[in-house]
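Beneath this line is the structure, given in structure tokens, with notes to follow.
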2 protein chains.
Amino acid sequence: MPNSDYRSKKVISIGTVSELTGLSERQIRYYETRKLIFPERSKTGIRKYSFLDIERLIEIANHLEEGVWTQEIRKELKRREQLNMQEVSSSLL
Amino acid sequence: MPNSDYRSKKVISIGTVSELTGLSERQIRYYETRKLIFPERSKTGIRKYSFLDIERLIEIANHLEEGVWTQEIRKELKRREQLNMQEVSSSLL
DNA sequence: CGTGTAAGGAATTCTGACACG
DNA sequence: CGTGTAAGGAATTCTGACACG
């Protein structure tokens, strides 16, 4: 029953994401060009985000406030994902 | 930690709900006038739905296909909510 | 580098109504 | 009763660019 996929289902448009995160649409779009966030697109090109994306955006905003560059944030997020991959594969053993 | 509120957070607009449920926007709006579903509104009047609303819409659609009237569906949904209320209050004792 | 803004166009959503039945 | 549709307007989103620094 794929039911708790709600967290990662991309269904929220950018205006709502802006409200939920407190970030401007400009910022949210920019972080995409910096490869920090990966929304889906509707057939007509409208960006769709998940709750997970929103959590991630809030983290990104926190890092930026501390003066961390998007480039560094990207590296850290990548590192973290690799750790998650390891956990998953080891839990499968 | 209000984290699993994702299911009931109203953030999805009607076009996406239509895709996810297979219902037409016309149908979704109509069920609102029949008091079967209660979206929130953005300041500018745009309807916002939750994943829970989507689950509910699918149920409604199933009932309608079976020939049940919206009036009956409304009664049943109300009954069910009252049962839930009872569970909640008794679990608090 | 990260973000604001004005610009013009395309896609989305809204309401009230006519239609069928 | 439940749903489709055309109508006109309002709100949303998109991209590329200029600006500051």
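Order of the sequence lines sets the chain letters (A, B, ...), proteins ahead of strands, with each chain counted from 1.
- Taking the ring centroids of A/Tyr6 and B/Tyr6, they lie at or beyond the 6.0 Å cut-off.
- Pair assignment for D/dA6 gives none, since no Watson-Crick or G-U wobble pairing has each distance under 3.5 Å.
- Along DNA chain D, the nucleotide nearest to B/Lys48 and the one nearest to B/Ser24 differ in position, and the one closer to the 5' end is contacted by B/Ser24.
- Rounded to an integer number of Å, the gap from NE2 of A/His63 to C1' of C/dG2 is 16 Å.
- In this structure, of D/dT3, D/dC14, C/dG2, it is C/dG2 that holds the atom nearest to the side chain of A/Arg34.
- Counting non-hydrogen atoms under 4.0 angstrom, B/Glu25 reaches the backbone sugars and phosphates but no base.
- For A/Tyr31, a side-chain nitrogen or oxygen approaches OP1 or OP2 of C/dT3 to under 4.0 Å.
- Picking from C/dT13, D/dT3, C/dT12 the nucleotide with the shortest atom distance to the side chain of B/Ile14 gives C/dT13.
- Closest to the A/Trp69 side chain, of the nucleotides D/dT12, C/dG2, C/dT12, is C/dG2.
- Here the nucleotide nearest the side chain of B/Thr70, chosen from C/dG2, C/dC14, D/dG2, is D/dG2.
- Comparing D/dT3, C/dT3, D/dT15 by their nearest atom to the side chain of A/Tyr30 picks out C/dT3.
- With 3.5 Å as the limit, one finds a donor-acceptor pair spanning the side chains of A/Ser50 and A/Asp53.
- In terms of polar N and O atoms assigned as donor or acceptor, the side chain of B/Arg29 never comes within less than 3.5 Å of the base of C/dT15 in a complementary pairing.
- Side-chain proximity of A/Arg41 to C/dG2, D/dC14, D/dT3: nearest is D/dC14.
- Taking every side-chain heavy atom of B/Arg26 into account, D/dT5 is the closest of C/dT12, D/dT13, D/dT5.
- A straight line from CD of B/Glu65 to P of D/dG2 spans 14 Å, rounded to a whole angstrom.
- Checking D/dT12, D/dT13, C/dT3 against the side-chain heavy atoms of B/Thr44 singles out D/dT12 as nearest.
- Between A/Ser13 and D/dT13 there is a side-chain polar atom (N or O) within less than 4.0 angstrom of OP1 or OP2.
- Neither OP1 nor OP2 of D/dT13 sits under 4.0 Å from any side-chain N or O of A/Arg47.
- Relative to the side chain of A/Gln27, the nucleotides C/dT3, D/dG2, C/dT13 differ in distance, and C/dT3 lies closest.
- Between B/Ile37 and B/Glu32, the closest side-chain pair of non-hydrogen atoms falls below 4.5 Å.
- Contact annotation: the side chain of B/Leu83 approaches that of B/Gln86 to within less than 4.5 Å [non-hydrogen atoms, C-beta and beyond].
- Under a hydrophobic-cluster definition in which Ile, Leu, Val, Met, Phe, Trp and Tyr are linked whenever side-chain heavy atoms come within less than 4.5 Å, directly or via other members, B/Leu52 and B/Val17 are assigned to different clusters.
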